[in-house]
Number of protein chains: 2
Amino acid sequence: MIVTTPARSLRADAARNRELLLAAAEEEFVERGLDASIADIARRAGVAKATVFRHFATKEELIAAIVGSHFSALTAVARGLLESADPGAALLEFLTVAADGLQQQDLTFLQTASEGDSTVIALRDELHATVDSLVERAREAGAVRADITGTDVFLLICAPVHAAGFLPRPAPDLWRRYLGIIFDGLRPEGANPLPLPAPSWS
Amino acid sequence: MIVTTPARSLRADAARNRELLLAAAEEEFVERGLDASIADIARRAGVAKATVFRHFATKEELIAAIVGSHFSALTAVARGLLESADPGAALLEFLTVAADGLQQQDLTFLQTASEGDSTVIALRDELHATVDSLVERAREAGAVRADITGTDVFLLICAPVHAAGFLPRPAPDLWRRYLGIIFDGLRPEGANPLPLPAPSWS
DNA sequence: TAGCAAGTTGACCGACCGGTCATCTTATGC
DNA sequence: GCATAAGATGACCGGTCGGTCAACTTGCTA
């Protein structure tokens, strides 16, 4: 799932441990948020703590690696959708994929990681620019209001996930409902609103 | 600003320190999030660390006191708006006040505090019920879609603030823009959309 | 104004954190 | 199969955290 370009031909065990570490860190950060400890991540990956620091000099660097891979994956999705024949549907599709990927993710995670690390900032800006194009096409097609910008959409991506996450035990697809509501808010008047999924929380 | 019912006639200095502590804690949590330390809070209030623990047995208890006061303040606002002649405008007004109060607030703050402490849960449920009534009136007045529930609105309150907070240096009223977008998503088709504030971020 | 309970304080505790280092292990090129 | 450099490891460090405690100070009351 996590695709990273290895800096320079790693030894076989090192390469394996690096992947193990990234996977374990991802899970641990999802479960515990930004406060997940390096020791726990190492334990989950089945390696010693010092091994983590051999691969990632600081905790921030580890976080940046994960966040960066998320950003570039989303950029790839957005790029693909730029070819779509229906720009409005393409935008909705992108929002759905993005929100789905963000699910359960501690969002302050992405936030703090986006500041400071220049590589991550570059990847984020690349994603931002691609979303801009996606929104522009949707706007030209009349699928969103004229005054909606790419930044608006970029910022609103996580809103539905966050809203749904506020419930102690939210239905697993509640975020789709809120994504629908927000997407409707982006549409020009007169356009057909989405049929919302039923409110299925308990 | 913070109104709490003192358990039993505190000594004058103790009562003063308690208020100083609550104010300092509020500021510190806003600035540093959930990770703000008791020592920093004590320093800000001008008292020793041990004094904090005399007033609040644990950090969680201090957090619960703050969050609880926020919830009850919002409930009071919502109750007042139940008397309003225009249910749709009343709902929008409530959302605006709630989002404004949430601004700069670390939202995981409210989230984690809402779990575990029974007093806070009770206050939250009370707010939830009041918002339910507010939404029901708006729905009957045709100001929101028929399928929108109080829970929907309750959960979506923080979405605009969160979205705006994602930017490194957001314009101070960017959240109003996103509140407008989301509110539009709640409205039945045919109703007039809000004129959105201009996207004034830099 | 004297006595005392209520309140305050700084020193202290154990746990845990991110990060380091000297030493041991192992994959790999010859 | 061996030399060696890349990698792994556990013990360890300084710092910070939430929380405790015995000793001290202060507001209240009779």
Side-chain angles (χ1 to χ4, degrees), chain A residues 4-26 28-29 31-67 106 108-109 112-113 115-117, chain B residues 4-26 28-29 31-67 106 108-109 112-113 115-117:
Chain A
T4 44
T5 57
R8 221 28 173 19
S9 60
L10 289 172
R11 227 169 70 174
D13 55 346
R16 193 190 60 233
N17 280 347
R18 187 189 164 89
E19 291 310 306
L20 249 45
L21 235 19
L22 281 170
E26 169 108 35
E28 205 71 25
F29 281 127
E31 288 180 14
R32 317 254 183 198
L34 219 38
D35 291 334
S37 76
I38 299 290
D40 284 345
I41 292 172
R43 197 172 306 124
R44 191 165 196 144
V47 301
K49 193 172 62 159
T51 302
V52 181
F53 289 103
R54 173 152 200 96
H55 289 275
F56 308 96
T58 66
K59 189 182 183 180
E60 280 72 29
E61 201 172 289
L62 171 57
I63 293 173
I66 294 177
V67 172
D106 183 357
T108 60
F109 185 85
T112 55
E115 306 160 4
D117 186 288
Chain B
T4 44
T5 56
R8 222 26 173 20
S9 60
L10 289 173
R11 229 169 67 174
D13 55 345
R16 194 189 60 233
N17 279 346
R18 187 190 163 88
E19 289 310 307
L20 276 149
L21 235 20
L22 281 170
E26 169 107 35
E28 205 71 24
F29 281 128
E31 288 180 14
R32 318 254 182 199
L34 220 37
D35 292 334
S37 76
I38 299 289
D40 284 345
I41 291 172
R43 197 172 307 125
R44 190 163 198 148
V47 300
K49 193 172 62 159
T51 301
V52 181
F53 288 103
R54 170 149 201 99
H55 289 276
F56 307 96
T58 66
K59 190 182 183 182
E60 280 72 28
E61 202 171 289
L62 172 57
I63 293 172
I66 293 178
V67 171
D106 183 357
T108 59
F109 185 86
T112 54
E115 307 160 3
D117 187 288

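By convention in this document, chain letters (A, B, ...) are assigned in the order of the sequence lines, proteins followed by strands, and residues within each chain are numbered from 1. Just so you know, these numbers come straight off a predicted model, no measurement behind them.
- Counting to the nearest Å, the P atom of D:dG10 and the NZ atom of A:Lys49 are 12 Å from each other.
- You'll find that the side chain of B:Lys59 is closest to D:dG18, out of C:dG7, D:dG18, C:dT28.
- Atom CD of A:Glu61 and atom CG of A:Asp117 lie 7.5 Å apart (nearest 0.5 Å).
- Residue contacts for A:Ala14: at a heavy-atom cut-off of 4.0 Å it reaches the sugar-phosphate backbone alone, with no base atom in range.
- Positionally, the nearest nucleotide of DNA chain D for B:Thr58 lies more toward the 5' end than for the other of B:Thr58 and B:Ala12.
- Between B:Asn17 and C:dT8 there is a side-chain N or O to OP1 or OP2 distance below 4.0 Å.
- Atom CZ in B:Phe53 sits roughly 15 Å away from atom P in C:dG10 (whole-Å rounding).
- Rounded to whole Å, atom C1' of C:dG18 lies 14 Å from atom CZ of A:Arg43.
- Atom-to-atom, CG of A:Leu10 to C1' of D:dA6 comes out at 10 Å; the value is rounded to the nearest Å.
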Go through it in stages, so that I can follow the logic: the residues are B:Asp13 and B:Arg16, the test is salt bridge (charged side-chain N to carboxylate O under 4.0 Å, His left out), and I'd like the CA-CA distance, side-chain angles, deciding distance and then a yes or no.
CA-CA 5 Å; B:Asp13 55 345; B:Arg16 194 189 60 233; over 6 Å; no

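- D:dA8 atom P lies 12 Å from atom CZ of A:Arg18, rounded to whole Å.
- Following rounding to the nearest Å, B:Asp13 (CG) and D:dG27 (P) show an atom-to-atom distance of 6 Å.
- Contact of the A:Ile41 side chain with the A:Arg44 side chain is not registered, since no non-hydrogen atoms from C-beta on lie closer than 4.5 Å.
- Here the C1' atom of nucleotide C:dT9 and the CG atom of B:Leu21 are 14 Å apart, to the nearest Å.
- In terms of phosphate contacts, B:Ser37 brings no side-chain nitrogen or oxygen within less than 4.0 Å of OP1 or OP2 of D:dT16.
- Protein atom CD1 of B:Ile38 is 17 Å distant from nucleotide atom C1' of C:dC13, rounded to whole Å.
- Between the CZ atom of A:Arg18 and the CZ atom of A:Arg54 there is a distance of 12.5 Å, given to the nearest 0.5 Å.
- Among the atoms of the strands shown, only primed sugar atoms or phosphate atoms (P, OP1, OP2) are found under 4.0 Å from some heavy atom of A:Ala36.
- For D:dA8, the OP1/OP2 oxygens have a side-chain nitrogen or oxygen of A:His55 closer than 4.0 Å.
- Phosphate contact (OP1/OP2 of C:dG7, side-chain N/O of B:Arg54, threshold under 4.0 Å): present.
- Interatomic distance, CD1 of A:Ile38 versus CG of A:Leu21, reported as 8.5 Å (0.5 Å rounding).
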